[in-house]
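Below, all heavy atoms of this structure are taken into account, side chains as well, without hydrogens, waters or symmetry copies. Residue numbers begin at 1 in each chain, while the letters A, B, ... track the order of the sequences.
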Number of protein chains: 4
Amino acid sequence: MKIHLHRIAMMSPGDTSGLAALIERGEVDPSTIVAVIGKTEGNGGANDFTRGFATQSFQLLIAARLGVSPEQVASRICFVWSGGTEGVLSPHATVFTRVEEPIGEASSSTAESADAGRLTLGVATTRDLLPEEVGTTTQVELVAHAVHEAMREARIDDPRDVHYVQVKGPLLTPALIADADRRGKTLVTRDANGSKPYARGATALGVAVGLGEVERAAVTDDVIAKRMDLYSSVASTSAGGELRHCEVLLFGNSAAASSAFSIRHGVLNDVVDAASIRVLLGDAPAQGAVAAMFAKADASPDGRIRGWRTTMLTDADIHYERHARAALGAVITSIAGDPAIFVSGGTEHQCAPGQMPIAAIIRH
Amino acid sequence: MKIHLHRIAMMSPGDTSGLAALIERGEVDPSTIVAVIGKTEGNGGANDFTRGFATQSFQLLIAARLGVSPEQVASRICFVWSGGTEGVLSPHATVFTRVEEPIGEASSSTAESADAGRLTLGVATTRDLLPEEVGTTTQVELVAHAVHEAMREARIDDPRDVHYVQVKGPLLTPALIADADRRGKTLVTRDANGSKPYARGATALGVAVGLGEVERAAVTDDVIAKRMDLYSSVASTSAGGELRHCEVLLFGNSAAASSAFSIRHGVLNDVVDAASIRVLLGDAPAQGAVAAMFAKADASPDGRIRGWRTTMLTDADIHYERHARAALGAVITSIAGDPAIFVSGGTEHQCAPGQMPIAAIIRH
Amino acid sequence: MKIHLHRIAMMSPGDTSGLAALIERGEVDPSTIVAVIGKTEGNGGANDFTRGFATQSFQLLIAARLGVSPEQVASRICFVWSGGTEGVLSPHATVFTRVEEPIGEASSSTAESADAGRLTLGVATTRDLLPEEVGTTTQVELVAHAVHEAMREARIDDPRDVHYVQVKGPLLTPALIADADRRGKTLVTRDANGSKPYARGATALGVAVGLGEVERAAVTDDVIAKRMDLYSSVASTSAGGELRHCEVLLFGNSAAASSAFSIRHGVLNDVVDAASIRVLLGDAPAQGAVAAMFAKADASPDGRIRGWRTTMLTDADIHYERHARAALGAVITSIAGDPAIFVSGGTEHQCAPGQMPIAAIIRH
Amino acid sequence: MKIHLHRIAMMSPGDTSGLAALIERGEVDPSTIVAVIGKTEGNGGANDFTRGFATQSFQLLIAARLGVSPEQVASRICFVWSGGTEGVLSPHATVFTRVEEPIGEASSSTAESADAGRLTLGVATTRDLLPEEVGTTTQVELVAHAVHEAMREARIDDPRDVHYVQVKGPLLTPALIADADRRGKTLVTRDANGSKPYARGATALGVAVGLGEVERAAVTDDVIAKRMDLYSSVASTSAGGELRHCEVLLFGNSAAASSAFSIRHGVLNDVVDAASIRVLLGDAPAQGAVAAMFAKADASPDGRIRGWRTTMLTDADIHYERHARAALGAVITSIAGDPAIFVSGGTEHQCAPGQMPIAAIIRH
């Protein structure tokens, strides 16, 4: 298996000209695209439609190039967008292609140590969730199952070879809340913006259960978005109103892969933790070898950084996730070298409270 | 002359408890306070009243402790607040005290090389400006004259020993615009928020002329906020609706000073320029010797960072200065060690376009 | 008893020049001021410091005029500010004075019908609340008791003669949350902005219990901010970080009053309910007799207005209270004639869900 | 000619289910659609992508139903979206259909008085503008020419029968500014958000010239967005980054039309001018006969409403257009009956300064 990736600048959420040019020049075969991960310049909240616009736009382009319908594109390519390009963050898409190479499989060996392999990825989706399942153990189980599927597809046997699991799932929109009301169902919350912690938390716990980081028995409905000592160190989850199911995009290294890249992960202790970023990247920035970065940003639980109060949690004008993304995005850029970084907000059950996951794809 | 400084956390713009405690404990003699520079948690725009609230609150405390009126405090202490604690920036005040020590004067010598001295500061103010003078050469001249005064007060002869000149001046409020209208006067702009570039630009050119960085003859009304190749490398200027005159607060090193601190300055090439910050600070962060940091943040003229588009200049929800402060504040914090940093926005005539001034006070 | 009121324009939260001029001209005797109610141009959220700034500024002015300390002013005058002048709403203060007139008391008769009397007001405060009491039945009881006190002071016997009860109480700030944590106490919520519904709800239920609109026995901790069929029709409550106790400002009509004003109240069915406003005001607008207006604004529970979806509840950029205040403020202005109206947000337990209280003071 | 219209609720900018249902039920023949005018729930600024998303979504639906390409839909249907549903405004689309009826033409007579006719509309577009033409007399002339074309198409001879001319044109995006730079061209401004007044002003003057409200000779480059005594009373113009040409959508009454509707226009004196709205609508609201409303909202030039200061022009968090739309939208809703109203911001050269155009389509 060979994974390749291209980072593409976007002039707007509807701008697909970068991918169009790559296809035109023969650098990307659209039939090999398996995933698109990117940042769009919305507010990142419940009324951020830049994600849906970008998805529709990329589906249209790829459908036209492949001569299939946009619906067919939707069923074969996983799109993950995070809204909010605060500070220096740059709107962009990273397009992943996958080509199967039967020969590579022969060299696969579970006996090899973790990290010896090359970049691989697997994609899996759950069924559509009912509104009353969002933020519950049902969602946890569905995601855990999808994680197993994605590992198989990525040809990863050892969970330690998994370095980054991006999950996108639904949040509770006013329409979904109304639907549950009509059917007399109880929801984890009735607040559209307030449903994000539950939605992100349940999918993160799904990754944790799927990778064995947390026991399934430890997860009940009332720990979701509350018992923050239960977590995954490699999950990065988001929630949006544009989908009903969960999409799992799992990255790791596999001896069965012959990609020109590998992936690493680390843990950040706060949004200005330059030291951990330097350790993770080593000399890759100096060699121009950083191919892509993925991180989560959040306010520290008490709103403090290095002992001083920040105003993230009390600001009624700008949401704390926006402050956090602005800060972390700038610090990563200052080290990794450019601002086309995937930094998204909300770390419920993604690392211990106050910590945040970060992953880097390195070019060999 | 001996300058001392204390950084104080603030729980709100009206919170003066930190200074009250220092006075109570005898660590600060309120009669020696000459300047207060700080960040408040407002939006940094024309309707940011956190600056006025903080000024009023500190004046009240100091007046009560000295047994004088708040007006008397206002006339002897220079208050400079920058609104906007985006990202990790922490609301705080840095209180500067000055004690005259006649002996120190004897060792003063202009023959000594720049930077051999210790921290000194001088304060000077202009007369109140008429609305029609804001953003004009009249303001430039008044500030240049005040810079000379402040240098004399700071006992600095060589402009190369000046490392940071903070100037606060008026912007055009709706009330001032109405006043000019009544008197039939023409203004540089009729837009309150839009007057900030002119107001900040004119005071920065005043510093440049005062320090000999720009020839007086080169400055005409129509270069202000337009001919950006004219600039000061050490000016940091802001504009607010709460004052009518300009206040110049000039920092440098002088052989006539016996402070336990010295000051340095540098130039940033963008808001994620970690390399320049590291060069400026050297091993001070490792030694815990960074006493205070002052920097300006701005969007790059074309909105790009390291070749990638940012959304600072097209964001209608969050002003570009807020994005820029969030980014630079986080990067400085990641190197200097804490977020109680004075980062303010708007760099008209403060360094070359795209560049930004930064200064650090180091404890010896 | 004679109540008089003056509405004063404010150029900023710190602008007290309007009241200074009234005192100077002898139109207001500062020793008779009992309450100041106004709108300030902040965001209305947890980081809105315009309210504290306005309070400090008015206290300073009145203290100087009376020759007492600001603390003494604070103990005798009730200040109520609502942040947020969205749409056309105008920053202003309404200053209430009260002069006792023993003769008026003789004509007092409880046999007279409701509304036969003239404007009266009473002020009462509770003790400081502990953080863990905010949003609980303890707060309900304290406010109910203060309502009884205020009625006595206003010389109102029949609760039907009460038309508007403004209560201001504390919300949970990060500092208060930290304090409770240190003492191991449980709070109704740990989210500063999220504590407002509880804080406003408990004080509204306190009014309802105090006026007999709701039975004390019906109020338990778990109905607060949840069982919205329990409510007062005349309460208007707000919560801010600048105070620890609750202040009750009760308005009604009394035969014991000889004011040139009377007060009425009504109920709005949505934020564009012009019909109810017209019924309430009658021909007062045409006669220029509207002296002051007070109303609450809120999003409808399902976000819909007249069957159409609004975006108030899903907007992550602008809080729904700001949308609601903008709408209702404009509609009232279009009928009553000017935008110096007290419209504040959040109607927990203030009228039935979807409804909002409104009161008008009419000049005779 | 017979014009019909349908107002359709939208759950998001990409929601076309309302139109799909109308087509499914046979109530709308997609081949007869000539224009779609609507409000989307973006911020209305340079980074509002909800307009482009809505256009793409409606083009896709109609293309699928007609069996043509989205590009063909774009060339035959005029889409006008205004971003920003502040206050109670509801996201919606009004879909206009036109069927030619040759018999109606016979009854056409220019001798008939204005307003005797029934609703008609004409559409015309200009060529693509170069960035350096945006906001100049070139744009004015192109639009004036398109207005004449649209009048012919609408079978209106007398400009007095024209009641509402919606024009959408380009603004200067960073990409266009960069393009002009590369070619060494001068622009009216280099600020993307700041180009809107020029872009809207030039198209409004184009309407004024086209309808004879302003002499062509009176319009030079330096009056655009400056000499505000030159204006059209029926123009409503907007600018967006999603198009390069100008689209003119002209509404009026014609004896050649047999529609079940007619159109009227009026002038508002401020955003709370209920009296003018009542005069315009007469008893239409009581009869449920208001089919659609179109209005422009703006801050008054001095920021004052009925003598009191508003904070629209000094608010750095919320743009003044958003305050103005919130206010006017609520007042119109309170009279006309529902919030699915097209209220857009910015009135450069659209009515005299401080005034705003409003139009209503009435069902007979």
Side-chain angles (χ1 to χ4, degrees), chain B residues 9-18 39-61 63-64 67 69-71 73-74 81 83-86 89-91 170-179 192 240-243 315-319 322, chain C residues 9-18 39-61 63-64 67 69-71 73-74 81 83-86 89-91 170-179 192 240-243 315-319 322:
Chain B
M10 293 169 67
M11 290 303 287
S12 80
D15 174 25
T16 60
S17 60
K39 289 292 306 178
T40 56
E41 55 200 289
N43 62 26
N47 66 325
D48 184 349
F49 303 102
T50 58
R51 299 173 295 218
F53 187 20
T55 298
Q56 185 182 75
S57 299
F58 274 81
Q59 286 175 348
L60 279 172
L61 172 76
S69 72
E71 290 72 25
V73 173
W81 301 99
T85 52
E86 298 81 6
L89 289 169
S90 183
L171 53 73
L172 293 175
T173 60
L176 292 180
I177 294 169
D179 170 65
E242 68 275 23
L243 78 176
D315 190 342
D317 293 314
I318 302 178
H319 193 270
R322 308 198 76 174
Chain C
M10 293 169 67
M11 291 302 287
S12 80
D15 175 24
T16 60
S17 61
K39 288 293 304 179
T40 56
E41 55 200 288
N43 62 26
N47 67 325
D48 183 349
F49 303 101
T50 58
R51 298 173 295 217
F53 188 19
T55 298
Q56 181 170 284
S57 299
F58 275 81
Q59 286 175 348
L60 279 172
L61 173 77
S69 72
E71 289 71 27
V73 173
W81 301 101
T85 52
E86 298 82 5
L89 289 169
S90 183
L171 53 73
L172 293 175
T173 60
L176 292 179
I177 294 169
D179 169 66
E242 68 275 22
L243 77 178
D315 190 343
D317 292 314
I318 302 178
H319 193 270
R322 309 198 75 175

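The part of C:Leu60 that comes within reach of chain B is its side chain, from C-beta onward, which places non-hydrogen atoms under 4.5 angstrom from that chain. Heavy atoms of C:Thr50 lying under 4.5 Å from chain B belong exclusively to its side chain. Contacts between C:Thr40 and chain B at a heavy-atom distance below 4.5 Å are absent for every atom of the residue.
The candidate from C:Gly42, C:Pro174, C:Gly14, C:Pro13 with the greatest count of non-hydrogen atom pairs under 4.5 Å with chain B is C:Pro13. Considering only heavy-atom pairs separated by less than 4.5 Å from chain C, the leading option among B:Ala54, B:Ala175, B:Ser57 is B:Ser57.
Looking at every heavy atom in both residues, B:Gly52 comes nearest to C:Phe53 through C-CZ, 3.7 Å.
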